[in-house]
Amino acid sequence: MGVTKTEAFSIEQNELARLAKALGHPARIAILQQLLRLNCCVGVDFTREIELSQPTISKHLRELKEVGLIQGTVEGTSISYCIDSTRWREVQKILGALFAQLEGGEANCC
């Protein structure tokens, strides 16, 4: 299987695919839900809620941070994470625009 040719797709399509990939793991969804519930969380706190090792959680946090859904602040030897509310709203619009493309509210092709 060859390499995906991202240049064959629009900027918007590539961005949506990046976001979908970042959201495409249940651990990342759990992390986002915890951040939304608590507003802020120190990295080690995730291991109490999510039954994964600290290195695995760090990997998932890095993925979410790369697409801008979360941001982290270093405090001594730990990092506090929170939702990037500006980016969160941008992503909400991007996903909303995709779902809004279904005209009339129902697909009648099948």
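These figures come from a predicted structure and were not determined experimentally. Below, each value reflects all heavy atoms present in this structure, side chains not excepted, and no hydrogens, waters or symmetry copies.
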(message) Given 3.5 Å as the limit, does a donor-acceptor pair link the side chain of R62 with the main chain of I57, or not?
(response) no

(request) Could you grab the distance from atom CD1 of I11 to atom CD of E15, nearest 0.5 Å is fine? (result) 10.0 Å

(request) Taking the side chain as every heavy atom from C-beta outward, state whether L52 and H60 have any atom pair closer than 4.5 Å. (result) yes

(request) Please round to the nearest 0.5 Å and tell me the distance separating atom NZ of K65 and atom CD of Q71. (result) 8.5 Å

(request) Taking the side chain as every heavy atom from C-beta outward, state whether I70 and L32 have any atom pair closer than 4.5 Å. (result) yes

(message) Nearest 0.5 angstrom please: R48 CZ to Q34 CD, how far?
(response) 9.5 Å

(message) To the closest 0.5 Å, what do you measure between CG (L69) and SG (C82)?
(response) 12.0 Å

(request) Evaluate the criterion side chain to side chain contact (heavy atoms under 4.5 Å, CB included) for residue pair F46 and L61; output intermediate values, then yes/no. (result) CA-CA 10 Å; F46 292 109; L61 288 166; 3.8 Å; yes

(message) Rounded to the nearest 0.5 Å, what separates atom CD in Q13 from atom CG in L98?
(response) 10.0 Å

(request) Identify the two heavy atoms, one from A22 and one from L64, that lie closest to each other, and give their separation to 0.1 Å. (result) O-CD2, 4.0 Å

(message) Between the side chains of E90 and R87, is the shortest nitrogen-to-carboxylate-oxygen separation below 4.0 Å, so that they form an ion pair?
(response) yes

(request) Work out which heavy atom in G76 is nearest to a heavy atom in V74; give both atom names and the distance. (result) O-CG1, 3.6 Å

(request) First locate atom CD1 of I94, then atom CZ of R18, and finally report the distance between them rounded to the nearest 0.5 Å. (result) 10.0 Å

(request) Indicate yes or no: at least one non-hydrogen side-chain atom of I79 is less than 4.5 angstrom from one of Y81. (result) yes

(request) Verify the cluster assignment for I29 and V91: are they in a single hydrophobic cluster under the rule of side-chain heavy atoms below 4.5 Å apart? (result) yes

(request) Could you tell me whether the side chain of L16 reaches within less than 4.5 Å of the side chain of L95, counting heavy atoms only? (result) yes

(request) Classify the side-chain pair Q54/S58 by whether it contains a donor and acceptor separated by less than 3.5 Å. (result) yes

(request) Consider only side-chain heavy atoms of I, L, V, M, F, W and Y, link residues closer than 4.5 Å, and tell whether L36 and I31 are in one cluster. (result) yes

(message) Tell me whether R89 contacts the main-chain N or O of S85 through its side chain, where contact means a donor paired with an acceptor under 3.5 Å.
(response) yes

(request) List the atom of A30, the atom of I50, and the distance in Å for their closest heavy-atom pair. (result) CB-CD1, 3.9 Å

